*Asks:* 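Dropping a structure here in structure tokens format, bear with me for questions.
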Amino acid sequence: MAATRPALIALTALAPVSWGSTYAVTTEFLPPDRPLFTGLMRALPAGLLLLALARELPRGAWWGKAAVLGALNIGAFFPLLFLAAYRMPGGMAAVVGSVGPLLVVGLSTLLLGQRPTARSVLTGVVAASGVSLVVLEAAGGLDALGVLAALASTASMSTGTVLAKRWGRPDGVGPLALTGWQLTAGGLLVAPLALLVEGAPPALDGPAIGGYLYLALANTALAYWLWFRGIGRLSATQVTFLGPLSPLTAAVIGWAALGEALGPVQLAGMALAFGATLAGQWAPRPRGAVAVGEFFSSASQKRRKDSMDLTGATLRR
């Protein structure tokens with residue numbers, strides 16, 4: 001199937017491109033060694049803003065479900081992501097995140113009984129291989145804690161993705177409200193941990209304030225809105241393979257702004273990963289598969305047959 005609605009694809013791609021700047025902003029502008037505080041500052045202001053815009057709160061069992069999803073997708077994911085960013089060169093942690101779609105395929109097989117498509121697995125492997133070449137060529141010595149944090153963040157987000165697929169969303173609730181619930185719940189979870197583990201908030205200078213404003217508004221609130229908007233209108237395959245744009249952006253920023261190496265092997269990896277991204281926009285939709293927008297289908301629709309292609313929403317960063 002040829003790529004449709006190129007403007008919508010381009011707008012959705014702005015989300016992973018924005019997420020690719022997270023590493024550079026973290027290491028260059030933010031206070032050092034504050035992953036919990038940084039995760040809090042990214043999640044809670046964005047969540048409260050989206051809640052104010054959506055003007056809708058969870059009801060009934062969704063208080064608990066929103067808390068679980070917020071803990072997995074935000075409360076654990078953000079601090080672990082920033083811990084990896086603090087301890088490794090820009091973009092290195094992305095090589096672990098690039099296998100997120102494959103991890104979701106495995107989890108969904110176990111928890112949802114869904115069989116992955118060969119095309120999604122193959123294209124995911126190619127994309128991950130390309131990202132690996134981009135990142136690991138200049139990696140140097142790997143930091144063990146940073147690698148573990150990156151693995152844990154990917155596992156947390158992948159588990160949240162599968163549970164969100166299993167639970168759907170309440171009737172009449174859009175992705176803006178659902179995203180606001182998760183960001184707010186995750187931020188509230190991180191807040192006491194940040195205070196207990198890291199102590200009082202650090203003194204912030206102008207660059208740090210600007211960095212946190214960028215992360216909360218552009219990198220999270222706006223980027224997640226664009227991402228969920230695309231999820232609702234594009235196919236699973238198209239959205240899935242926009243994800244590698246995040247580590248590719250991180251590598252380019254590291255080369256252009258931070259003086260990090262970008263050699264022939266990395267350029268070949270970039271071409272491979274970008275080629276997989278483009279190929280994903282033309283991948284045919286499997287028979288019986290649903291659009292990735294149904295990842296957040298309403299509870300009343302959950303009796304319908306689940307999609308056989310789960311990888312569409314796994315690379316949200």
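It should be emphasised that the depicted structure is a prediction, and the values quoted were computed from it without experimental measurement.
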*Asks:* Given the rule that I, L, V, M, F, W and Y join up when any side-chain heavy atoms are under 4.5 Å apart, are Leu195 and Val197 in one cluster?
*Replies:*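 No, Leu195 and Val197 fall in different hydrophobic clusters.
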
*Asks:* If you measure from CG on Leu183 to CG on Leu44, what distance do you get to the nearest 0.5 Å?
*Replies:*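 The distance works out to 9.0 Å.
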
*Asks:* For the pair Trp62 and Trp167, name the ring-plane relationship: parallel under 30°, tilted 30 to 60°, perpendicular over 60°.
*Replies:*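 Correct class here is perpendicular.
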
*Asks:* Check Gly199 against Arg34 and note the closest heavy-atom contact, atom names and distance.
*Replies:*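 Nearest heavy atoms, Gly199 then Arg34: O-NH1, 4.3 Å.
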
*Asks:* Would Leu163 and Leu80 show up in the same hydrophobic cluster when neighbours are defined by side-chain heavy atoms closer than 4.5 Å?
*Replies:*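 Leu163 and Leu80: separate clusters.
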
*Asks:* What's the separation between atom CG in Asn219 and atom CZ in Arg42, rounded to the nearest 0.5 Å?
*Replies:*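 Asn219 CG to Arg42 CZ: 4.5 Å, rounded to 0.5 Å.
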
*Asks:* Thr184 side chain to Trp181 main-chain N or O, any donor-acceptor pair under 3.5 Å?
*Replies:*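 No, Thr184 side chain to Trp181 backbone: no donor-acceptor pair under 3.5 Å.
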
*Asks:* Output, in order, the C-alpha distance, side-chain angles, deciding distance and verdict of side chain to side chain contact (heavy atoms under 4.5 Å, CB included) for Phe78 and Leu40.
*Replies:* CA-CA 8 Å; Phe78 277 7; Leu40 169 65; over 6 Å; no

*Asks:* Short question: side chain of Gln182, backbone of Ala66 - any donor-acceptor pair under 3.5 Å?
*Replies:*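 Here the side-chain-to-backbone pair does not exist.
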
*Asks:* Hey, could you give me the OG/OH distance between Ser18 and Tyr214, rounded to the nearest 0.5 Å?
*Replies:*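 The OG atom of Ser18 sits 3.5 Å away from the OH atom of Tyr214.
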
*Asks:* Please confirm whether the backbone N or O of Pro58 pairs with a side-chain atom of Trp63, one donor and one acceptor, at under 3.5 Å?
*Replies:*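 Yes, because the side chain of Trp63 sits within donor-acceptor range (under 3.5 Å) of the backbone of Pro58.
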
*Asks:* Considering non-hydrogen atoms only, spot the tightest contact between Ile253 and Ala24 and give its length.
*Replies:*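 Looks like CG2-CB, 3.6 Å.
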
*Asks:* In Å, rounded to the nearest 0.5 Å, how long is the span from CG of Leu49 to CG of Leu217?
*Replies:*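 Going from the CG atom of Leu49 to the CG atom of Leu217 covers 7.0 Å.
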
*Asks:* Looking at every heavy atom in both Phe77 and Ser153, which two are closest together, and how far apart are they?
*Replies:*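 For Phe77 and Ser153, the tightest heavy-atom pair comes out as CD1-O, 3.3 Å.
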
*Asks:* I want to check something: taking the side chain as every heavy atom from C-beta on, are Leu30 and Met41 in contact at a cut-off of under 4.5 Å?
*Replies:*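 The answer is no, as the side chains (C-beta and beyond) never meet within the 4.5 Å cut-off.
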
*Asks:* Counting only N and O atoms by type, is there a donor-acceptor contact under 3.5 Å from the side chain of Thr220 to the main-chain atoms of Ala46?
*Replies:*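 Flag not set: sc Thr220 to bb Ala46 has no pair under 3.5 Å.
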
*Asks:* Quick one: closest heavy-atom pair of Gly75 and Leu189, and the distance?
*Replies:*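 Taking every non-hydrogen atom into account, CA-CD2, 4.2 Å.
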
*Asks:* Does Phe29 have more than 12 heavy atoms from other residues, nucleotides or ligands lying within 6.0 Å of its CZ?
*Replies:*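 Check fails, neighbour count at 12 or below.
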
*Asks:* Report yes or no: does Thr159 contribute a side-chain atom to a donor-acceptor pair with the main-chain N or O of Ala155 at less than 3.5 Å?
*Replies:*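 Flag set: sc Thr159 to bb Ala155 pair under 3.5 Å.
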
*Asks:* Return yes if some donor-acceptor pair links the side-chain N/O of Glu56 with the main-chain N/O of Leu51 below 3.5 Å, else return no.
*Replies:*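 No, the answer is negative, given that no donor and acceptor are paired below the 3.5 Å cut-off.
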
*Asks:* Look up atom OH in Tyr224 and atom CG in Leu176, then write down how far apart they are to the nearest 0.5 Å.
*Replies:*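 Reported to 0.5 Å precision, the distance equals 14.0 Å.
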
*Asks:* Show the numbers, then the answer: is there a side chain to side chain contact (heavy atoms under 4.5 Å, CB included) between Thr179 and Leu50?
*Replies:* CA-CA 7 Å; Thr179 305; Leu50 295 184; 3.8 Å; yes

*Asks:* State whether the side chain of Ser156 and the backbone N or O of Leu72 hold a donor-acceptor pair below 3.5 Å, judged by distance alone.
*Replies:*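 A pair under 3.5 Å: yes.
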
*Asks:* What is the minimum heavy-atom distance between Ile74 and Pro79, and which atoms define it?
*Replies:*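 The pair with the smallest heavy-atom distance is O-CD, 3.6 Å.
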
*Asks:* Could you tell me the separation between the CG atom of Asn73 and the CG atom of Leu178, rounded to the nearest 0.5 Å?
*Replies:*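 It comes to 9.0 Å.
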
*Asks:* Set out, in order, the CA-CA distance, both residues' side-chain angles and the distance that settles side chain to side chain contact (heavy atoms under 4.5 Å, CB included) for Val173 and Arg59, then state yes or no.
*Replies:* CA-CA 11 Å; Val173 174; Arg59 298 183 299 273; 4.2 Å; yes

*Asks:* Considering non-hydrogen atoms only, spot the tightest contact between Ala67 and Ala185 and give its length.
*Replies:*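 Nearest heavy atoms, Ala67 then Ala185: CA-CB, 4.1 Å.
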
